[in-house]
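Reviewing the structure listed below.
Any value given below was found using the heavy atoms of this structure, including those in side chains, with hydrogens, waters and symmetry copies removed.
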Amino acid sequence: VQLQASGGGLVQAGASLRLSCAASGRTFGSYAMGWFRQAPGKERDFVAAVSGWGGATDYADSVKGRFTISRHNAKNTVYLQMNSLKSEDTALYYCAAADMPATAPRTGYKYWGQGTQVTVSS
């Protein structure tokens, strides 16, 4: 599966952004999908995940209550709605797919898209 992330940008603290990740192929529902982020000089961190049919989600503690992951399988797209953005959310955001549709995993992702930059100014 090929993944294409979009929707990043430069916003002020407190603003919202919605990231999208479009996937190729006809078996999108066979994959759990996740969002990860990497800030300069830091490791890539888990942000959020959703199971193949959207029944299960998981979030990093740092984004819980502010970010929402969702997916539209008919459009082969997963979203990350980011509200109340903080300067510490500044990072390159990646979407990824895992062959584990029944779960919302934090690890085990096999397919990765290119990143989309999110910059939050304070």
Side-chain angles (χ1 to χ4, degrees):
V1 60
Q2 293 183 323
L3 305 172
Q4 179 77 35
S6 62
L10 171 63
V11 297
Q12 291 188 332
S16 297
L17 273 177
R18 188 177 79 159
L19 305 183
S20 299
C21 175
S24 64
R26 298 177 291 176
T27 59
F28 183 62
S30 299
Y31 300 97
M33 298 297 298
W35 286 97
F36 293 76
R37 66 187 182 185
Q38 187 168 20
K42 296 187 177 181
E43 294 185 351
R44 187 165 55 192
D45 290 330
F46 168 79
V47 174
V50 61
S51 59
W53 290 99
T57 57
D58 189 22
Y59 296 92
D61 288 345
S62 59
V63 306
K64 201 170 292 182
R66 299 188 297 122
F67 291 10
T68 302
I69 189 170
S70 62
R71 63 191 298 160
H72 194 308
N73 284 358
K75 295 183 178 180
N76 280 16
T77 302
V78 62
Y79 305 98
L80 185 68
Q81 178 66 42
M82 305 186 295
N83 298 330
S84 302
L85 283 162
K86 304 176 182 180
S87 58
E88 50 263 45
D89 295 318
T90 295
L92 192 59
Y93 282 72
Y94 298 89
C95 60
D99 294 320
M100 293 177 280
T103 65
R106 296 191 175 202
T107 60
Y109 287 82
K110 184 176 180 180
Y111 307 98
W112 293 85
Q114 93 297 349
T116 185
Q117 179 68 38
V118 173
T119 303
V120 184
S121 63
S122 57

Any chance the rings of Phe36 and Tyr94 have centres within less than 6.0 Å? no

Give the minimum heavy-atom separation between Pro105 and Ala98, together with the two atoms involved. CG-CB, 4.2 Å

Atom CZ in Arg18, atom OG1 in Thr68: separation rounded to 0.5 Å? 11.5 Å

Look up atom OH in Tyr79 and atom SG in Cys95, then write down how far apart they are to the nearest 0.5 Å. 12.5 Å

Decide if atom NZ of Lys42 counts as having more than 12 heavy atoms of other residues, nucleotides or ligands within a radius under 6.0 Å. no

Between atom CD of Gln81 and atom CG of Leu17, what is the distance when rounded to the nearest 0.5 Å? 8.5 Å

Hey, any chance Met33 and Tyr111 share a hydrophobic cluster, counting ILVMFWY side chains that come within less than 4.5 Å of each other, even indirectly? yes

Between Arg37 and Tyr93, is any side-chain donor less than 3.5 angstrom from a side-chain acceptor? yes

Taking a hydrophobic cluster as the set of Ile, Leu, Val, Met, Phe, Trp and Tyr residues connected by side-chain heavy atoms closer than 4.5 Å, whether directly or through intermediates, do Tyr31 and Met100 fall within one such cluster? no

Ser16 versus Asn83, closest heavy-atom pair with distance: OG-OD1, 2.9 Å

Could you tell me whether the side chain of Gln114 and the main chain of Ala5 form a donor-acceptor pair under 3.5 Å? yes

Do you reckon Leu92 sits in the same ILVMFWY cluster as Trp35, going by side-chain contacts under 4.5 Å, direct or chained? no

Got a salt bridge between Lys64 and Asp61, using NZ or NE/NH1/NH2 to carboxylate O under 4.0 Å? yes

Nearest heavy atoms of Gly29 and Pro101, plus distance in Å: O-CB, 3.8 Å

Quick check on Glu88: does its CD atom have over 12 non-hydrogen neighbours (other residues, nucleotides or ligands) under 6.0 Å away? yes

Does Thr57 use its side chain to pair, donor to acceptor, with the backbone of Val50 at less than 3.5 Å? no

Tyr109 and Leu3: same hydrophobic cluster, using ILVMFWY side-chain contacts below 4.5 Å? no

So CG of Asp99 and OG of Ser30: to nearest 0.5 Å the spacing works out to 8.5 Å

Counting distance only, does the side-chain N/O of Thr116 pair as donor-acceptor with the main-chain N or O of Gly8 below 3.5 Å? yes

Interatomic spacing from OG in Ser121 to CD in Gln12 - rounded to 0.5 Å: 5.0 Å

Donor-acceptor contact below 3.5 Å, side chain Thr77 vs main chain Lys75: yes

Is Asp89 reaching over with its side chain to a backbone N or O of Met82, donor-acceptor style, under 3.5 angstrom? no

Closer than 3.5 angstrom, by distance alone: can the side chain of Asn73 be matched with the main-chain N or O of Trp53 as a donor-acceptor pair? no

Step-by-step side chain to side chain contact (heavy atoms under 4.5 Å, CB included) determination, Val47 to Leu80: CA-CA 9 Å; Val47 174; Leu80 185 68; 4.1 Å; yes

Please check if the side chain of Thr90 supplies one atom and the backbone of Val120 the other of a donor-acceptor pair under 3.5 Å. yes

Please find the pair of heavy atoms, one from Ala32 and one from Thr103, that lie closest to each other, and give the distance. CB-O, 3.3 Å

Below 6.0 angstrom between ring centroids: does that apply to Phe46 and Tyr59? no

Between the main-chain N or O of Ser51 and the side-chain N or O of Arg71, is there a donor-acceptor pair closer than 3.5 Å? yes

